[in-house]
Structures are given as C-alpha cells and as structure tokens.
Amino acid sequence: MRLTCSAFPCDCHIQKVFVNPIPSLRVTALNSLPVRGDGEFVLYWMIANRRATSNFALQHAVHWAKELRRPLVVLEALRVGYQWASDRLHRFVIQGMADNQRAFANSGATYWPYVEPEAGQGAGLVERLAASACVVVTDDFPCFFLPRMLKAVAPRLPVKFEAIDSNGVLPLKAAPQVFPTAYAFRRFLQRDLPNHFCDAPLVDPLREARLPPLTSLPEEIHVRWPRANDAQLAASTSSLALLPIDHNVKPAAFDGGYQAAQRALQLFIDRKLARYEARNEPEEEVTSGLAPYLHFGHVSSHDVFARVIAAEDWRPSQISTKVNGSREGWWGMSPAAEGFLDQLITWRELGYNFCSRRADYDQFESLPAWAQATLDEHLTDERPSVYSLPDFEHARTHDELWNAAQRQLVREGTMHNYLRMLWGKKILEWSPTPREALSTMLELNNKYAVDGRNPNSYSGIFWILGRYDRAWGPERPIFGTIRYMSSQNTARKLNVKGYLSKYGPASRSRGLFD
DNA sequence: ATCGGCTCGCGCAA
DNA sequence: TGCGCGAAGCCGAT
C-alpha cells in the first residue's frame, strides 16, 4: 500500500510505504517484558501529548490494539502532589481533558480522565490497569518530574512498557549529540530534517480502527480511581477549590485544551503570521501564543507546521540544500514564516534536544564553561540593587518596565518573548549571586507561566546566563562577558508605552498583588 | 529611526 | 587562509 505524505500535499521523493507503524526512532522500551497476548486491553497512559489527534503515542497504542484485537483504554491522569500545582495549571489541563472526553466519545476507545483529589490517592492506578493490560504505551517527555515518574513505575509493570516520542518534527533520537548553539543545530537540521518531516503522525489514528469495545474495567478502578465527572471537568473555581493545590495562582488569561489551541492556531495563521516580523514589539499582537498548548500537548508541532506550509503554499522541493546554519533562505518561505519556523522547529527542538540528553538541564553547572568562568570572576562585584524573591514576585523593583513584565506573567500566565529576556537579565543583575538569580527565574517561571517546566522555558532562562550564546560586548560588572540588556535601550528600541500602561501598577483589572 | 563599529569562534570553500 | 554567520547585545553618529 502506497500512501502520500500525510502532513501536506507532498511532492517529495520519499514515498511512504505504510504509515501505521510509527518511526522506530520514536519508540523507547522502558522494560524488557513481552506483550501479554491474553490481556484484556491495550493501555495508553497519556501524560504529555494530551490530545486525540496527530499523536504518535496514541497511534502506536491503536496499532497494538488492532494487532492484538483488543480494546484500547486511554488514561489521562492529573496529580496534585507535584511542585507548583495550582488553579492555573489544573484548569488548563482539565479543560484539555474535557475536550479529550468529547474527542474520544464514539471513537471506539475508552477514555478515562482521572483528577487526583488528594496527594497520593492516584498511586497504584497505572499498576492496577497494567495488571489487566496486554501492553502499556506512554509519552516520552524529557523534563520536569515525568522521566523520574516513568523510571519509578517501569519496574512495577508486568507487561511490555513503551515510551513514545511525539514531541517534535525531528525525533529526539535522530540527533546524535547536544548542540552548543542554535547555529550548530540549524546546520544539523538543514542536513537531516528532510529525512524526517514527511513522517507525520496520522491526524485521526482512531478513524476506521474498528477496535473491539471494552466490556468493563476492574471494579477496583471504579471504586478507587473514579472517572472525572462533569463537575470536575468543568474546572470551575469551586471545583478547583476542593483540591489541595495553590489557589493563589489564578487561572490564566486564556483557556486550555484542544479546541482553544485550534482557535489560537487559526487566529495566528489568519491574522498574525504575515506580520510575524514585528514579533519583538510588545504592542503588536503577532506572536502565536501556542507555547502553552505545545507544552501540554494540546496541539502537535506537526499540525502547526502543516498549517504554516498550507498558508505559504509551500512544497518540500522549495527547501534549500545549503548547509550554512543561516536562518534566512532555508525553507524558501516568506521571511515571516521562516522566522516563525525558526522558533517552532530550530529553537523549540533545540531545547528538547538538551533536556533529553542532559540530566542536569536545570542546574547551574550545565552552563558552558566560558559562562560559568566569567560569572565566577564577577561573583563579588558590588550589586547596586538587590531584591529578594518576594520583591521580584510582587513586582517591587525600581524599574517600571521590569515590573510590568512581571505583572503580565503573574496575571496572565505568559510573558512577551522579547521582554522575558530583559526580565531575566535584570534578575541576574539584581540578585546576590548568579545561582540565586537562576533559582528566582526558575521559581517564578515554573510557578506562573503556563508553559513553564518545558524544555523551552529552560532554554530561555539559561540563555540569560549564556547557554547557546557567546561572549558579547565589553566586560561589565556582574555580567562579565555575558550578553547585557537594559530597560533603557529596550524602551529606545521598542514601543513600550502601551505595554507600560496596560501592566502598570494602576491597572487593577486582574491584579493579584496590586 | 537607522546605521555602522565593536567583537569572536566555527565550519567550510578555496 | 579568508569569509560568512550568529535570539533579540551596546553605543554614538546621522
């Protein structure tokens, strides 16, 4: 059976033979046990790619179910006991569950959303389901507590257990090493990405799958880990209030879930992409806003990529074969689209590459040697302004542009891309040590940003301290040769007047701390 | 508002 | 050996 590329109307030379088995580079065995042929169902434990479409992990689980002629159970669980669990993160994820419940209805698969009511209550759920399963498939995600969780669960499961990488367009295992700069990674992509970007996941892997229906789940599951009900899935303030999570971090200024992600994507393609070259201007609303959805897997990067391709009426033959690391003229698209793909693919997947290969991705010691050396040399430099974590958190600095950016983060759950760099550079300048600056940035970003705890958040924060960068400009106090930024120059370069008044201390529309 | 100079390591073409 | 290139740098000149 010959099929054309599923991602786009494709004129590439690579002909797909059959698309159902996913690329083997995306499969990692988490144990060495066999599939149990007499199990009752196939289990897909959805922990990162929280969507029913364009999902290699789901596609792989469906493939097992078809091959074994067994029902498919999809478990999407949300724990309360992890660090930074809050109304903001819970609401976003639960809105995604409500969308997934609709998407899996009448799909032939059994969807089981579970919201843990108290820390520890969810323990044993996966093990109990696995005891009845033929095989367990889950998501491969390179950071936060997920790798640790899978490592802890793996030895307790009695059947084959596989993690599937549906993170990006390039399989994580396709890159042979960590890259020191975006430039070096771009060179690698210019050589290797064309071997992979036609291998897109099926948009709807359950379509015509004709899986046998599940007759029942074990009674113990219904009793101890009941399916989230409609009230829980509404994710209202009152239902969130019942959970032992941080209620001071209010819901984000945007909704979570597949539907909201599709709306954001549509809006971006229709109204923003063409003006994307103005992305550094905080008052031009042209950035995609897709990072939170990509983080929780509510949209796939393959889908976003496909929409850009369609909007640009692009064919793979337009790609340049030059391997020069240059941002411009690689794809053969408009400058705006090339700029966006540099974010979506080069920078996004660079961060995933780092986190998947460096267990110390969130440690100061993971910085390049030149950066650690220059920061060390300036460790005892006098700091003209020093703020504590609560000062930063409550936007109590002398710098109104900085305070505005921090208020945007706290109120909305996101911060403008360009200002986030200035935000971090000033935290470095105003902290007693670079290590304390790092810990402040991680705490604030992980707590308030919906897309925190993602490889790209770590890239952004560590870039402040020199990761993926190089020594730049004159040697300065505190910074050494780390790239410096100032609010004065940012205000000179960009239009920030409207931003300052929107997020100024006087605007109380959604204020938490004012 | 926009510009060039500052500065450096790397891969690759020559 | 020289050239082109780089996540968003700064500063002063026009």
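Because the structure is predicted, anything quoted here is derived from the model rather than measured. Numbers restart at 1 for each chain; the letters A, B, ... are given by sequence-line order, proteins then strands. In what follows, every heavy atom counts, from backbone to side chain, and hydrogens, waters and symmetry copies are set aside.
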For DNA chain B, what residues of residues 432-441 of chain A have any heavy atom nearer than 4.0 Å?
none
Reading 5' to 3' and counting Watson-Crick or G-U wobble pairs with both distances under 3.5 Å, write the dot-bracket notation for DNA chain C, | for bases paired outside the strand.
||||||..||||||
May I have the distance from A:Trp472 (atom CH2) to C:dC5 (atom C1'), rounded to whole angstrom?
10 Å
Return the residues of residues 481-492 of chain A meeting this criterion: a heavy atom under 4.0 Å from some atom of DNA chain C. Order them by number, or give none.
A:Arg483, A:Tyr484, A:Met485, A:Ser486, A:Asn489, A:Arg492
Taking only side-chain nitrogens and oxygens of A:Arg186, does any of them come within less than 4.0 Å of OP1 or OP2 of C:dA7?
yes
Tell me which residues in residues 366-385 of chain A lie within less than 4.0 Å of DNA chain C, going by non-hydrogen atoms.
none
Would you say the side-chain atoms of A:Arg187 pair up with the backbone N or O of A:Gly325, donor to acceptor, closer than 3.5 Å?
no
When the aromatic ring centroids of A:Phe305 and A:Phe340 are compared, is their separation below 6.0 Å?
no
Between A:Asn167 and A:Asp140, is there a donor-acceptor pair closer than 3.5 Å when you use the side chain of the first and the backbone of the second?
yes
Indicate, with yes or no, if the rings of A:Tyr276 and A:Phe268 have centres closer together than 6.0 Å.
yes
Pairwise P distance, B:dC6 and C:dA7 [rounded to whole Å]
22 Å
Between the protein and nucleotides 11-14 of chain B, which nitrogen or oxygen pairs are less than 3.5 angstrom apart?
residue : atom : partner  : partner atom : Å
B:dG11  : O3'  : A:Arg187 : NH1          : 3.3
B:dC12  : OP1  : A:Arg191 : NH2          : 2.9

Taking only Lys NZ, Arg NE, NH1 and NH2, and the carboxylate oxygens of Asp or Glu, determine whether A:Asp342 and A:Arg186 approach each other closer than 4.0 Å.
yes
Pairs meeting criterion ring-ring contact (aromatic ring centres under 6.0 Å, His included) with involvement of residues 363-384 of chain A, two or more places apart:
none
Can you name the nearest heavy-atom pair linking A:Lys425 to A:Ile482, along with the distance?
NZ-CG2, 3.6 Å
Specify the separation, in whole Å, of atom CG of A:Asn324 and atom P of B:dG9.
21 Å
With rounding to the nearest 0.5 angstrom, report the OG1 to NE2 distance, A:Thr287 to A:His416.
5.5 Å
Please report the distance, rounded to the nearest Å, between CG in A:Asn495 and P in B:dA1.
9 Å
Rounded to the nearest Å, what distance is computed from the CG atom of residue A:Asn280 to the C1' atom of nucleotide C:dA8?
5 Å
Please confirm whether A:Trp402 and A:Phe392 have ring centers closer than 6.0 angstrom.
yes
Sidechain-backbone polar pair: A:Arg88 side chain, A:Tyr448 backbone, donor-acceptor under 3.5 Å
yes
Check the pair A:His394 / A:Tyr387 against side-chain hydrogen bond (donor to acceptor under 3.5 Å, both in side chains), numbers first and verdict last.
CA-CA 11 Å; A:His394 296 87; A:Tyr387 298 107; over 6 Å; no
Look at all strands and tell whether A:Ala471 reaches a base, only sugar-phosphate, or nothing, counting heavy atoms closer than 4.0 Å.
nothing
Between B:dC10 (P) and A:Asp469 (CG): distance, integer Å
14 Å
Separation of atom CG in A:Asp342 from atom C1' in C:dG6, rounded to whole Å:
11 Å
Can you tell me how the ring of A:Tyr82 sits relative to the ring of A:Phe144, calling it parallel under 30°, perpendicular over 60° and tilted otherwise?
perpendicular
Can you tell me, in whole Å, how much space there is between the P of B:dA1 and that of C:dA8?
23 Å
Got a donor-acceptor contact below 3.5 angstrom from the A:Glu76 side chain to the A:Met46 backbone?
no
Do A:Tyr458 and A:Phe354 have ring centres separated by under 6.0 Å?
no
Spacing between A:Glu281 atom CD and B:dA1 atom C1', to the nearest angstrom:
12 Å
Side-chain touch A:Arg79/A:Met149, heavy atoms, less than 4.5 angstrom
yes
Check: A:Gly339 main-chain N/O paired with A:Arg327 side-chain donor or acceptor under 3.5 Å:
no
I need the A:Met333 CE to A:Asp313 CG distance, nearest 0.5 Å.
10.5 Å
Length of the NZ-C1' vector between A:Lys493 and B:dA1, whole Å:
13 Å
Of the listed C:dA8, C:dC10, C:dG6, the closest approach to the A:Ser326 side chain comes from C:dG6
